[in-house]
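Only heavy atoms go into these numbers, but all of them, side chains included; no hydrogens, no water, no symmetry mates.
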Amino acid sequence: MTDLLNPSELEAALDLGNLDLTSRDEMINELTNRDGIILDIVNGHIRENLEDELVQEALKTGVDLRHYSQEIEKELAAVEAASITDYIGESKKIAQLHKEMKQCDSILEQMEQMLGTFQQDLGSISTEIQTLQEKSLEMSVKLGNRKELKTKLSTFLDNIVVSPKLVETIVNTSVVEPPFMDALHELDQKLQFAEAEQHTLASNDVSDVLDKLKTKAVIKIRLYILEKVQEYKKPMSNYQVLQETLLKFKYYYEFLVTHSPSTAAEIKLEYVDTVSKVYFSYFKTYQSRLIRLEFEEVPTKADVMGAEDESRRSIQLSMFSSSKTIRSRSTVFTLGNRDELINNQLEWPVIIPVHSADKKFPYEAIFRSVQFSLIDNVCAEYGFLVHFFKVRGEKAQILFTNVMERTLSLLIKSVESYMEKCYDCIGIMLCAHITMHYHELMKKRGFGALVGFHNQLLQILWPRFTFVLSQNIHSIRETDPGRLTELDTRPHFITRRFGEFYSAIHTLNDKFPNDQTVRSMSLLQVEVENVVLRMAAEFRGRQDQLVFLINNYDLMLSVMQCRSTDTNKEVLSIQELLNKRINEYVDEVLLPHFGGMISFVKDNEKMLESAGPGSPKIKVNEGYINQLVRGFNQDHKKSIDSINSDVMRRFTNFNNGTVILQSALTKMIQYYSRFHKILSQPPFKTLPCRMDMINVHHVMVEVKKYKNQF
C-alpha cells in the first residue's frame, strides 16, 4: 500500500493543518526571522492554537505533544492501508463499472446521431411550413381584396342604381306619407353619391334619371310647403299647429337647401313675407279690439295731485261707493289691487275680446295681455325658425327680425302714441314693471331676441312716468290755499292723495328699485309738506292750525304705513312732524284751563333751581297761589271733560285722538305734581292752602275715567 502512494501524496493525505506541530514550529521560526514582523502577531497565532479543543485537552492531561503527534500519524497510516486494501478488493466491480460506462457512451453516441437526423428532418418541415404560411397569407390578402372590392362594388351599385320602387314613390306618393320621406332620404343619398362619383360611366348613365327625380321631388315639396304657408292667411288659423306640422317635414327644407337653393330661398322669403303680414295683422287687430275694453274714464292732464276738479264728496265716493262705474275706474292715485298684475297675473291667459265684451280693464291689463301674447308667439316662432330653417346665432336673429320687425314696430308706435296722452302715473309704472318682469322671464328661458324691444319700451315708459310725476309735483308747488274751497280742520284731499300715491309708488319701486323715482318722490313729499303748512296758515287760531296739521300728518302716516315699514325714512319724517305738532297742541289745549298753574310751575322751577329753596329772591304771592289751588280744585274735572270733548270733536282718527288725549292728561298730571313739589319747598311749604290741595292720586283716578273714550 505504501508503494502506491508517493511521499508527497502521503503527506497531502495526512495533512494535519493546525495540528502539525512541526510545521507550526517552522512557521514560527520563519516569522521570527523575518524583518519587520512584530512579536504580537506570533502571540496571536499562539493564542489561536491554544484555543483549539484538542490542544486544550492535551494540555489538561499533560500529554507530550510530540509523542501524541506520532501516534496520530501511525493511526492515519493504518487507516490509509485499510482503505487501499478495500479498493483492491473491489477492483473487479470497478472494472465492470468502467465497461458499462463505455457501453452507455456508445448508446448515447447513437442517440446523438438519431437526434441529429431528426433535427435535419424538422428543419426541412419548418421550411415547408413557412412556405405554406406565405401562400396562406397571400391567399388571405387576395380574399380580403376581393371582399373589399365586393363591398365597394355593392355599395356603389346600391347608391347608383335607381330602383323602380324609388321612381314610383317619388312620382306618385303624397309628400305627407312616410314612404315619400324614406324615398327622399334615399334619393338624397344617391344624388350626393352620384355627384361624388361623377367621373364614372355608371354615374353618367343614371344622372338624367336622378335629375328628373330631383326635379319632381323639389316641385312636390315646394307646392306642399307653400300651401302650408298660405294656410297662415286663413282666418282663425292656429299658427302653432301649422308650425308643428311643418316641423314634422323639416327634412324637406334641408333637401331643398342641398339640391335646390333657389327654391329654398323662395320658400324662406315667402314664409317671412307671409308670416310677417299675419303677425302684423293679428296684433294690430288684437290691440285695437282690446283698447276698446279700456275704462272710459281715464286720467287726463287735469288729474294731477293739486287739482281741485272734484269735490271731497266725489273723492270719498271713489273709495267707498259700491257704484259699478266708480268701482271699475282705473284710479289715479290709489294702487288698490292693480299690482296683482305683476304679483300673480303675469302669466295668466290673455284677454279674449269676444269673451270679455262686457268687461272693462285698465290700460296696464291690456298692455300685459298684448305683451304676454307677443312673448308666447315670439318664443314659438323663434323656435320654429331655428329648427325648420336650421339657423343659429346671428343668422337666427336676422331671420327673426325679418319676421317680427313690422309687428314690434307697430307695438312700439302704439305704446308711444298712447303714452303721449297718458297721465296715469301708477299705470305707466305698472307697464314698465310688466316689461321688466317679462324681460327677466325671457332671460330665464334663454331667449334674447326681445332685449332691444323691451329696452325701447322702457325708453318710452320711464321718461313719460318722470314727466307725469313732475306735473304732479308742479301742481302741488303751484297750489294756492287761498283759491281752494273752504278749508276745515279735517284731512285735506291732497294729503290723502299723496299718502295713497306714495304707498303705491313705494310698493312698486321695491320690486325694481329706481333711484330717479326715489328722488322724485322725496321732492313731491317736500312740496306736500310745504302746501300743508301753507293751508294751515289760512286758519286764524293756533289750535285750529295744529289740529289741521295733526289730522293731515296722521292721515298721510296711516296710509303710508299700510304698505311701508316703520323704518322707512319718509315714514319716519312724517312721524317726527306728527309728534312735534302733537306736543305743541297738548301745550295749547292745556293753557286755557291750566295756564296759570303751568306758568307758575315754569317760573318758580327756574327760580328754585337758580336761587335755591328759601332764597329771599323768591317772592310768595299767597293770594295768587290760593286762587290757583281753589281754581284747580273747583274746575279740574270740568277742564278735563272739556279737553276730552274738544279732542273728540276735532280729530277724525280715533286712535290718534286717544293718543293726544292721553298725552294732554298725562302732561296735566305732571304739571300738577310739579306744582305740589314746589309748594312743598320753602318758602311755600308754610302756606295754609297746601292743606286744601287735592291729592295727585285722586286726579289720576279721575283721568282714568277718560282712558277708553275713543
Side-chain angles (χ1 to χ4, degrees), residues 1-140:
M1 181 177 64
T2 56
D3 295 338
L4 296 175
L5 298 173
N6 57 43
S8 61
E9 291 176 345
L10 181 60
E11 183 179 357
L14 297 177
D15 184 16
L16 298 176
N18 294 332
L19 296 178
D20 189 353
L21 299 178
T22 58
S23 61
R24 182 69 65 183
D25 292 337
E26 293 176 357
M27 182 181 68
I28 293 173
N29 292 331
E30 183 180 356
L31 291 173
T32 55
N33 293 329
R34 290 181 182 178
D35 294 334
I37 302 299
I38 304 174
L39 187 60
D40 292 340
I41 298 176
V42 177
N43 293 333
H45 288 291
I46 294 173
R47 282 194 298 271
E48 290 179 1
N49 291 327
L50 290 176
E51 290 176 358
D52 188 272
E53 293 181 359
L54 293 176
V55 175
Q56 289 180 359
E57 184 179 356
L59 292 174
K60 288 180 182 179
T61 56
V63 178
D64 185 1
L65 294 179
R66 294 181 182 274
H67 178 70
Y68 181 75
S69 175
Q70 292 175 359
E71 289 180 358
I72 293 301
E73 288 179 358
K74 291 178 180 181
E75 289 177 1
L76 289 174
V79 172
E80 181 181 1
S83 298
I84 293 172
T85 302
D86 292 339
Y87 179 77
I88 293 172
E90 297 294 331
S91 60
K92 292 182 179 181
K93 294 181 180 180
I94 292 172
Q96 182 65 30
L97 178 62
H98 179 69
K99 183 179 179 180
E100 290 177 357
M101 290 177 66
K102 285 184 176 181
Q103 291 177 353
C104 287
D105 288 341
S106 177
I107 293 171
L108 290 174
E109 184 178 358
Q110 292 176 4
M111 289 294 294
E112 182 179 4
Q113 293 176 357
M114 290 176 63
L115 290 174
T117 304
F118 182 69
Q119 184 178 8
Q120 292 177 358
D121 294 340
L122 286 178
S124 61
I125 292 173
S126 176
T127 303
E128 292 177 1
I129 291 174
Q130 185 175 2
T131 303
L132 290 175
Q133 287 179 342
E134 292 175 355
K135 291 181 179 180
S136 175
L137 180 60
E138 183 180 357
M139 293 175 67
S140 177

Chemist: To the nearest 0.5 Å, tell me how far Leu115 CG sits from Asp121 CG.
Modeler: 11.5 Å
Chemist: Return the CD1 to CG distance between Ile125 and Leu132, rounded to the nearest 0.5 Å.
Modeler: 11.5 Å
Chemist: How many angstroms lie between atom CE of Met111 and atom CD of Glu109, to the nearest 0.5 angstrom?
Modeler: 12.5 Å
Chemist: For Glu100, look at atom CD and say whether over 12 heavy atoms of other residues, nucleotides or ligands are found less than 6.0 Å away.
Modeler: yes
Chemist: Working to the nearest 0.5 angstrom, can you tell me the gap between Met101 CE and Lys99 NZ?
Modeler: 15.0 Å
Chemist: For Glu71, is the CD atom crowded, meaning more than 12 foreign heavy atoms sit under 6.0 Å from it?
Modeler: yes
Chemist: Step by step, would you call Lys93 with Gln96 a side-chain contact (heavy atoms from CB on, under 4.5 Å)?
Modeler: CA-CA 5 Å; Lys93 294 181 180 180; Gln96 182 65 30; 5.5 Å; no
Chemist: For atom CD of Glu134, is the number of surrounding heavy atoms from other residues, nucleotides or ligands below 6.0 Å larger than 12?
Modeler: yes
Chemist: Roughly how far, to the nearest 0.5 Å, is the NZ atom of Lys135 from the CD atom of Gln130?
Modeler: 12.5 Å
Chemist: Distance-only, no hydrogens or angles: does the Ser83 side chain make a donor-acceptor pair with backbone N or O of Val79 under 3.5 Å?
Modeler: yes
Chemist: Could you check if a side-chain atom of Thr117 sits within less than 4.5 angstrom of a side-chain atom of Gln113, using non-hydrogen atoms only?
Modeler: no
Chemist: Taking the side chain as C-beta and beyond, is there a heavy-atom pair between Leu137 and Gln133 under 4.5 Å?
Modeler: no
